[in-house]
Every structure is written in C-alpha cells, then in structure tokens.
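The structure appears right after this line, and notes come after that.
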Protein chains: 2
Amino acid sequence: MKRSTDRRVQRTRQLLQDALISMMIEKGYEATTVQDIIDRANVGRATFYAHFADKETLLTSRLEDLRNSLSERQRQAPGSLGFSLAMLEHARSHLPVWSAIVGRDSGALVLQRIQSMIAALVDVDMRALAFKGTPAQRDLAVQYIAGAFMAVLTWWLDQGAKLPPEEVDAIFRRLVMQGVAGEWGLRANSKGRAPHLKSM
Amino acid sequence: MKRSTDRRVQRTRQLLQDALISMMIEKGYEATTVQDIIDRANVGRATFYAHFADKETLLTSRLEDLRNSLSERQRQAPGSLGFSLAMLEHARSHLPVWSAIVGRDSGALVLQRIQSMIAALVDVDMRALAFKGTPAQRDLAVQYIAGAFMAVLTWWLDQGAKLPPEEVDAIFRRLVMQGVAGEWGLRANSKGRAPHLKSM
DNA sequence: TCGCTAAAGAACATTGTGTCTAGTATCAGC
DNA sequence: GCTGATACTAGACACAATGTTCTTTAGCGA
C-alpha cells in the first residue's frame with residue numbers, strides 16, 4: 001500500500017477523482033466519458049490511462065476512499081445497525097457526492113458496489129446482534145437489510161435529504177427490527193394502531 | 001394500443017426481443033451491442049432502427065410485456081404483499097430471463113426499471129393493508145419494501161433459485177411485517193428466542 | 001544541478017452507433 | 001392470383017468514444 005511520494009502523481013490522481021465526481025454530479029456516471037474527465041481535470045489522455053485502466057477503475061479507487069471513511073465512522077459509533085446513522089450523516093455532509101453516486105443517473109456498477117459496501121457494514125453490525133440461524137438465513141437477512149437501506153437512502157437523497165438523519169435512522173431501524181406492523185400498526189386484515197411519528 | 005397486423009412486423013419485433021434476452025443471458029445487458037442483437041436475430045441493421053430507437057427502447061418493450069404478465073398474475077392472487085409469491089413463481093418458471101435481468105451483469109437501467117415495477121406492485125398491495133400514515137410515510141414504506149424484495153430476489157436467483165418460492169415468500173413477508181426481531185428472535189442486547197424455519 | 005520519470009500533445013486503429021440509400025421480398029386486400 | 005404498399009436487406013457513411021503509441025517537454029527528488 002506504499003503510496004507514491006511524487007507530488008505529480010498524487011496531484012494527477014486527485015484531479016482525476018475530483019473530475020469524475022464533478023462530472024457525475026453534472027451528468028451521471030454512465031453519460032460521463034473519459035474525454036469529459038480529462039478535459040475537466042486538464043490532464044492528457046495518455047496520462048489518464050497511465051493511472052487507470054478505464055473509467056471503472058477510477059471509480060473504484062474513489063469508492064475505496066469512501067469505504068475507508070465509512071468504516072472509520074462506523075467504528076466510532078458501533079451498536080445494532082449502527083452503520084445506518086453513520087452513513088446517513090456522512091451522506092448529508094457530502095450531499096453532492098452521494099446524490100451523484102446513488103441518484104437516478106448512476107450506473108449499475110456504482111449501485112452494486114455501494115450496496116455490497118452496505119452489506120459489509122450490515123454484516124459487521126449483525127455481530128452486535130444475537131443472531132440465531134443458519135449462515136444462509138444470516139446471509140438472507142443481510143441482503144434484505146442492505147437492500148432496504150439502499151432504497152431508503154435513495155429515497156431520502158432524491159428528496160434532497162430534507163428529513164434529519166436521526167429521524168430517518170430511527171424509522172429505518174424500527175422497520176428492520178419490528179417490521180411494518182410494529183412501525184405503523186399495519187394488519188393484514190385492516191385493523192391497525194395509530195402511527196406515532198413526529199414529522200414527515 | 002392497436003398492434004400492427006403485418007406478420008413481418010410482429011416476426012421482427014419478436015426476433016429482436018428474443019435475441020436481446022438471449023444475449024443478456026450470455027453476456028449481460030451492458031456488454032450486449034446492437035450488432036450482437038441483430039446478428040442473433042438475423043435482422044438488418046436498418047430494420048432494427050426502424051422498430052426501436054436504441055437498445056434501451058427494445059428493453060423497455062420487453063419489460064412492458066413482463067409487467068403485463070406480472071400484473072395479470074398478481075390480480076389472480078391478491079392479498080397483503082401478494083405480489084411477492086406471484087413474482088417469485090414467475091421468476092422460477094422463467095429463470096433464465098430473470099437471472100439475465102436481475103443478475104450480476106445487468107445494467108442500472110434494468111435494475112431501476114424492475115425496482116420501480118416492484119414498487120408499483122407493492123403499492124397496489126398496500127391498498128389491501130390498513131395503512132395509517134402520511135403519503136410520505138407510505139412512500140417510504142413502499143420504497144423500503146421494494147428495495148428489500150429486490151435484494152431478496154437477487155440473492156435467491158444468484159443461488160440458482162433452489163429454495164421453494166413459497167418459503168422465500170413466507171420469510172420475506174414475515175420480515176416485512178414483524179421485522180428481524182419477529183423472524184429470528186433478535187434483540188439489540190443479545191437476548192433472543194430460537195428460530196423456527198424448516199429448511200435452509 | 002542532474003538524472004529520472006511523469007505528463008503533454010497528437011496521431012492512430014478499433015469498435016460501436018445511428019442514418020441513409022437503392023434494390024428485393026413479402027404482405028394484405030381486392 | 002394480382003398488385004400496390006411497405007417491410008426488409010445490404011452496404012456505405014459520418015460520428016463519437018476508446019485505448020495505444022510515439023516524441024517532446026516539464027517537474028520532481030536527491
């Protein structure tokens with residue numbers, strides 16, 4: 001993991017990563033071309049390929065950094081489903097990046113990566129829970145939670161992240177733990193209790 | 001909605017749709033080119049563009065058909081979260097198609113479309129439930145459920161759809177309604193009840 | 001200061017897209 | 001069965017983006 005010491009290298013990599021995000025915010029991942037990136041970064045074409053095999057590799061290197069910040073944040077706030085709040089807060093404080101990454105115009109690749117990143121975080125948090133079941137059941141639960149969180153996150157960001165992270169986190173965790181019935185008093189046969197949320 | 005009566009048109013459209021699915025199974029949506037499609041369908045290049053503006057439009061027309069079969073199936077099996085079993089069974093009886101569509105190599109577009117299709121089905125089913133809450137809450141719940149189902153479906157298909165649909169459906173519905181705690185006796189403070197699933 | 005290497009610039013082959021043409025076949029309806 | 005309409009074919013085309021290769025220039029570390 002010995003990072004290059006040459007300033008030119010670091011500068012170029014940084015410029016390219018920033019340009020990618022900037023372009024993603026502007027027109028989405030899929031629509032962004034290598035040409036767009038190097039134009040914005042003001043970097044030669046050959047230089048790009050000297051550092052990254054393709055657009056995807058560049059994205060990967062950026063997501064790697066993201067993953068590291070997230071793991072760090074999660075480590076500081078552990079507990080059952082602790083990843084949730086950590087992630088929502090991180091998303092809010094880096095809103096443009098996250099909107100670009102998770103938003104409407106992002107690529108399949110991006111979403112897959114993010115979701116498996118979330119799954120890894122969920123997996124870590126599951127150790128704080130007393131899980132009784134087979135590995136397959138555990139796996140299913142992890143996927144279920146990761147998918148649900150991803151959807152909630154996307155929904156939240158698409159709305160401009162107006163609701164406070166704490167509240168989204170609370171709703172999400174209750175949904176996961178107690179289910180729809182516990183959250184909003186749903187019954188299959190249309191007899192339900194009243195909801196009890198402050199805002200929204 | 002008056003479909004063309006000319007056999008040549010129907011034949012060509014069918015050939016192209018089939019070729020798309022066939023290619024998706026083979027190398028995924030993203031990697032499939034228009035050239036691949038028309039080669040496999042044995043159709044001229046100009047002909048392709050006479051029918052569809054691009055690869056995406058072709059996909060859309062195929063997904064439209066899929067949506068119709070699903071709505072039909074859902075109508076025959078209503079109830080709380082009734083879409084779930086209907087969809088799992090449909091997926092199993094059209095396994096290659098679904099694996100191609102939902103699997104690892106599919107595009108963002110495909111996944112987005114499927115997920116919003118699921119969301120629509122969830123929305124329909126929600127009317128069978130006594131939902132108490134604001135429209136925003138309802139929306140969040142729909143997204144939550146659709147995302148979770150999508151993840152479960154993907155997981156199931158990636159495993160080769162070995163588990164019977166009825167069982168996956170049962171687990172999923174219990175997770176949605178009662179949550180992780182209800183399903184596997186999870187507690188945040190590591191005191192839990194025993195699980196009670198037959199297989200897996 | 002000097003040697004090393006990153007980066008610029010530009011040309012290139014390659015692949016895929018979407019359009020257009022003129023000629024050929026196949027269809028629906030009389 | 002004809003016949004007029006129109007769907008299809010084959011090929012060429014302009015265009016855009018990718019990824020490679022080359023030489024020249026600039027900047028870095030020691």
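For clarity, every value in this text was computed on a predicted model and none was experimentally measured. Below, chains carry the letters A, B, ... as their sequence lines are ordered, and counting in each starts from 1.
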Sugar-phosphate, base or nothing in reach of A:T33, heavy atoms under 4.0 Å: sugar-phosphate
What is the distance, to the nearest angstrom, from the CZ atom on A:F52 to the C1' atom on D:dG19? 16 Å
Given C:dT19, C:dG9, D:dT9, the nucleotide with the shortest approach to the side chain of B:Y49: C:dT19
Atom-to-atom span, CD1 of B:I37 to P of C:dG16 - whole angstrom: 12 Å
Kindly confirm or rule out a cation-pi arrangement of B:K55 over B:F48, judged by NZ or CZ under 6.0 Å from the six-membered ring centre and within 45° of its axis? no
Side chain to side chain donor-acceptor pair (under 3.5 Å) for A:Q143 and B:T154? Distances and angles first, verdict last. CA-CA 9 Å; A:Q143 294 304 318; B:T154 303; over 6 Å; no
Quick test of your reading of the model: are B:D169 and B:R173 salt-bridged, counting only N-O distances below 4.0 Å? yes
A:V34, nearest nucleotide to its side chain (from D:dG11, D:dG19, C:dA7): D:dG19
Taking atom types as they are modelled, is there a donor-acceptor pair under 3.5 Å from the base of D:dG19 to the side chain of A:R45? yes
Presence of salt bridge, A:D18 and A:R40, under 4.0 angstrom: no
Is it true that B:E167 and B:K162 make a salt bridge, defined as a side-chain N closer than 4.0 Å to a carboxylate O? no
How large an angle, rounded to 10°, do the end axes of the helix from C:dT1-D:dA30 to C:dC30-D:dG1 enclose when each is built from five base pairs? 50°
Is the closest basic N to carboxylate O distance between A:D36 and A:K27 below 4.0 Å? yes
Do any side-chain nitrogens or oxygens of A:T47 fall under 4.0 Å of OP1 or OP2 in C:dA6? no
So do A:Q137 and B:I171 actually touch side chain to side chain, heavy atoms under 4.5 Å? no
A:H51 side chain, from C-beta outward: closest of C:dA7, D:dC8, C:dA8: C:dA7
D:dG11 P sits how many Å from B:D39 CG, rounded? 13 Å
Rounding to an integer number of Å, can you tell me how far A:L16 CG sits from C:dA8 C1'? 14 Å
Review item, nucleotides 24-30 of chain C N/O atoms under 3.5 Å of protein N/O:
residue: C:dT26; atom: O2; partner: B:R8; partner atom: NH1; Å: 2.8
residue: C:dA28; atom: OP1; partner: B:T5; partner atom: O; Å: 3.3

Salt bridge flag under 4.0 Å for residues A:R92 and A:E166: no
Under a 4.0 Å threshold between the charged nitrogen and the carboxylate oxygen, would A:R75 count as salt-bridged to A:E72? yes
Taking CG from A:D36 and C1' from D:dA16, how many angstroms apart are they, rounded to a whole number? 11 Å
Using atom CD of B:Q35 as one end and atom C1' of C:dT15 as the other, report the distance to the nearest whole Å. 10 Å
How many Å lie between CD on A:E30 and P on D:dA17, as a whole number? 14 Å
